[in-house]
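These numbers come from the heavy atoms of this one structure, side chains and all, not from hydrogens, waters or symmetry mates.
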Amino acid sequence: MRDLHFIIDGQKLSKNGDFSNIVRKTKGYLKCCFSFIGDDWKGHKVVAVFENSDSKEFAVSINTDKTCMVPDEVTDGSYFKIKMIGVNDKRRILTNKILISQEG
């Protein structure tokens, strides 16, 4: 399994570490690991929203260990995108969307 690390600081989502040599059509192998800076996201239900190269979106709930698997539906193209959404009773937080390139 390959871990892809991200940092969420307020509404800014950014990559953290090596994102090279991700090969498309990989299934059940890529795991996202999230680090949250500050308290903005505490008490929120958090989902990662993945977008494939056909602009179809797939929401995946974040586990209690702040990880989730990359859905197989987004790994066939030359890239996929990811953004985060956090929701509680009082507010909804969104991040920017970032692109993850895939080779092969």
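In terms of heavy atoms, G10 sits closest to T95 at O-CG2, 4.4 Å. Of all non-hydrogen atoms in T75 and P71, the two that sit nearest each other are CG2-O, 3.8 Å. Between D3 and K31 the shortest heavy-atom distance is OD1-CE, 3.1 Å. Shortest non-hydrogen contact noted between S53 and G77 is OG-CA, 3.8 Å. In plain terms, the two heavy atoms of K15 and L99 that are nearest each other are NZ-O, 2.9 Å. Of all non-hydrogen atoms in R91 and D40, the two that sit nearest each other are NH2-O, 2.8 Å.
Donor-acceptor pairing under 3.5 Å is lacking for the side chains of K66 and S35.
Separating the CZ atom in R24 from the OG atom in S78 is a distance of 6.0 Å, to the nearest 0.5 Å. Note that the CD atom of Q102 and the NZ atom of K25 stand 10.0 Å from one another [nearest 0.5 Å].
Atom CZ of R92 has 12 or fewer heavy atoms from other residues, nucleotides or ligands within 6.0 Å.
Taking the side chain as every heavy atom from C-beta outward, K97 and E51 approach each other to under 4.5 Å. Within the 4.5 Å cutoff, no side-chain heavy atoms of K81 are placed close to those of E57. Contact check for S14 versus N16: no side-chain heavy atoms found under the 4.5 Å cut-off.
Hydrophobic cluster membership for I8: L4, F6, L13, F19, I22, Y29, L30, F34, F36, W41, V46, F50, F58, V60, I62, V70, V74, F80, I82, M84, I93, I98, I100 (Ile, Leu, Val, Met, Phe, Trp, Tyr linked by side-chain heavy atoms under 4.5 Å, directly or transitively).
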Item to complete: Evaluate salt bridge (Lys or Arg N to Asp or Glu O under 4.0 Å) for K42 paired with D39, printing each intermediate quantity in order.
Response: CA-CA 5 Å; K42 283 196 178 192; D39 294 332; 3.6 Å; yes
Practice prompt. With salt bridge (Lys or Arg N to Asp or Glu O under 4.0 Å) as the test, would you mind laying out the steps for D76 and K27 before giving the verdict?
Written response: CA-CA 9 Å; D76 287 343; K27 307 292 181 194; 2.7 Å; yes
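Counting only distance, with no hydrogens or angles, the side chain of D9 and the backbone of G38 share no donor-acceptor pair below 3.5 Å. N52 contributes a side-chain N or O that, together with a main-chain N or O of S55, makes up a donor-acceptor pair within less than 3.5 Å. Using a distance-only test at 3.5 Å, with no hydrogens or angles considered, no donor-acceptor pair links the side chain of N63 to the main chain of D65.
Of the candidates V87, I85, V49, I85 is the only one forming a side-chain contact (heavy atoms from CB on, under 4.5 Å) with L94.
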